[in-house]
Amino acid sequence: MNAADVFSQFHKPLSRPLSMVTCYDSNFASILDEAGIDVLLVGDSVANVMLGHARTADIGMQEMLHHTRAVRRGAPEACIVTDLPFGADNTPELAASNSALMVQAGADAVKLEGCLPDQVRAIRKLGIEVVGHLGLLPQTATSLKQTGRSPEEQARILADAKSLEEAGCCAIVLEHVPVEFGERVTEALSIPTIGIGAGNKCAGQVLVLHDLLGLTTRQPPFVRRYADLRTQALSALKSYHADVASRHFPS
Ligand code: KIV
């Protein structure tokens, strides 16, 4: 699937916003695909959400390739974007060769954090689509506070967004910025912005799957929980434990 074709449908005044959700395994990939989610993101948030690390920067290419293969197995037809993990895009050459590995593993596009136009150009030379990521950058952030509040910060993020667009990105994730600023960036670009904590004027929205489903205990304030699966899982497992202990299972 050509990720640019998918993203390009979502930056027209009358188009509905695009839905993107993180995904790390094959079972959930099939559920997200069946639910009609437009794009599955194999996010490096897999580090915290699934693997128990403190930071997204704690994982590397091998983990991301492993999870990308799993997601592709579960959703053969889906549009899949995979994060280049911390360090995997240190130079344009490294970013390009690592992106090629992600595509071999099943990704339709890669996502990289920060303003790295040379890396974007090198990846695009291989014909691989790239999604940018600006605003709060979890791989290097020292706090989770909102970005893009001051005029200086806004000018920098806007310039970065334009530079990524010029370099060939097909979309830009915009994380944790003020709503009005999310709208301003969206209007200034001709590629879609995918917001996470960036207001409802972006061309699309992305959430971390486990936050959305209520499987995590701590979530950022901008997350909306659509289910409370942690409570349901706990209740199911306690019932199973009690049934085993009391010989009510198997019956
Ligand atoms: O890894 C991730 O989950 C992400 C989202 C926050 C967009 O990059």
Side-chain angles (χ1 to χ4, degrees), residues 3 7 10 17-25 28-29 32 37-61 63-68 70-71 79-89 95 98-99 102 107-116 129-141 143-148 157 160-161 164 169-177 182 185-186 191-200 202-213 215-216 218-225:
F7 284 108
F10 296 94
L18 166 151
S19 61
M20 183 193 255
V21 177
T22 65
C23 186
Y24 317 109
D25 66 69
F28 267 121
L32 293 179
I37 300 301
D38 295 309
V39 181
L40 278 50
L41 171 65
V42 186
D44 56 4
S45 52
V46 66
N48 330 73
V49 175
M50 299 287 290
L51 304 178
H53 289 292
R55 306 168 318 145
T56 59
D58 288 337
I59 57 160
M61 280 296 295
E63 288 94 338
M64 294 306 294
L65 290 167
H66 173 79
H67 287 278
T68 301
V71 171
C79 179
I80 296 174
V81 177
T82 293
D83 269 333
L84 286 179
F86 182 67
D89 52 14
N98 282 328
S99 299
M102 294 303 193
D108 296 299
V110 295
K111 175 164 82 61
L112 49 75
E113 285 187 19
C115 186
L116 300 171
E129 299 297 338
V130 189
V131 175
H133 185 151
L134 296 173
L136 178 70
L137 304 177
Q139 287 178 0
T140 48
S143 93
L144 295 181
K145 82 173 182 12
Q146 196 179 49
T147 55
I157 295 173
D160 288 353
L164 287 177
C169 279
C170 63
I172 293 181
V173 166
L174 207 49
E175 180 162 358
H176 208 8
V177 299
V185 179
T186 304
I191 53 172
T193 52
I194 316 296
I196 173 160
N200 70 358
C202 291
Q205 298 292 328
V206 54
L207 280 179
V208 169
L209 175 69
H210 290 56
D211 291 342
L212 185 163
L213 294 179
L215 279 163
T216 41
R218 284 188 356 206
Q219 297 147 359
F222 49 77
V223 165
R224 185 179 297 174
R225 279 170 58 163

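Here, residue 1 is the first one in the sequence, and each next residue gets the next number. Just follow the structure's listing: the first ligand is 1, and inside any ligand the first atom is 1. The structure displayed is predicted, hence computed values, not measured ones.
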Does ligand 1 have any N/O pairs with the protein under 3.5 Å, and how far apart?
from	atom 1	to	atom 2	distance (Å)
ligand 1	1 (O)	Asp44	N	3.2
ligand 1	1 (O)	Asp44	OD1	3.1
ligand 1	1 (O)	Ser45	N	3.1
ligand 1	1 (O)	Ser45	OG	3.2
ligand 1	1 (O)	Asp83	OD2	3.1
ligand 1	3 (O)	Ser45	OG	2.5
ligand 1	8 (O)	Lys111	NZ	2.8

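- Applying the salt bridge (Lys or Arg N to Asp or Glu O under 4.0 Å) test to residues at least two apart or on different chains, none of the pairs has a partner in residues 40-50.
- When each of Thr147, Asp160, Val173 is paired with Leu134, the side-chain contact (heavy atoms from CB on, under 4.5 Å) condition holds for Asp160 and for no other.
- Looking only at atom types and distance, the side chain of Ser45 has no donor-acceptor partner in the side chain of Thr22 under 3.5 Å away.
- The aromatic rings of Tyr24 and His67 sit perpendicular to each other, their planes meeting at more than 60°, with 30° as the lower class boundary.
- Evaluation of the salt bridge (Lys or Arg N to Asp or Glu O under 4.0 Å) rule for Glu175 yields no partner, not counting sequence neighbours.
- For Asp211, there are no salt bridge (Lys or Arg N to Asp or Glu O under 4.0 Å) partners at least two apart in sequence or on another chain.
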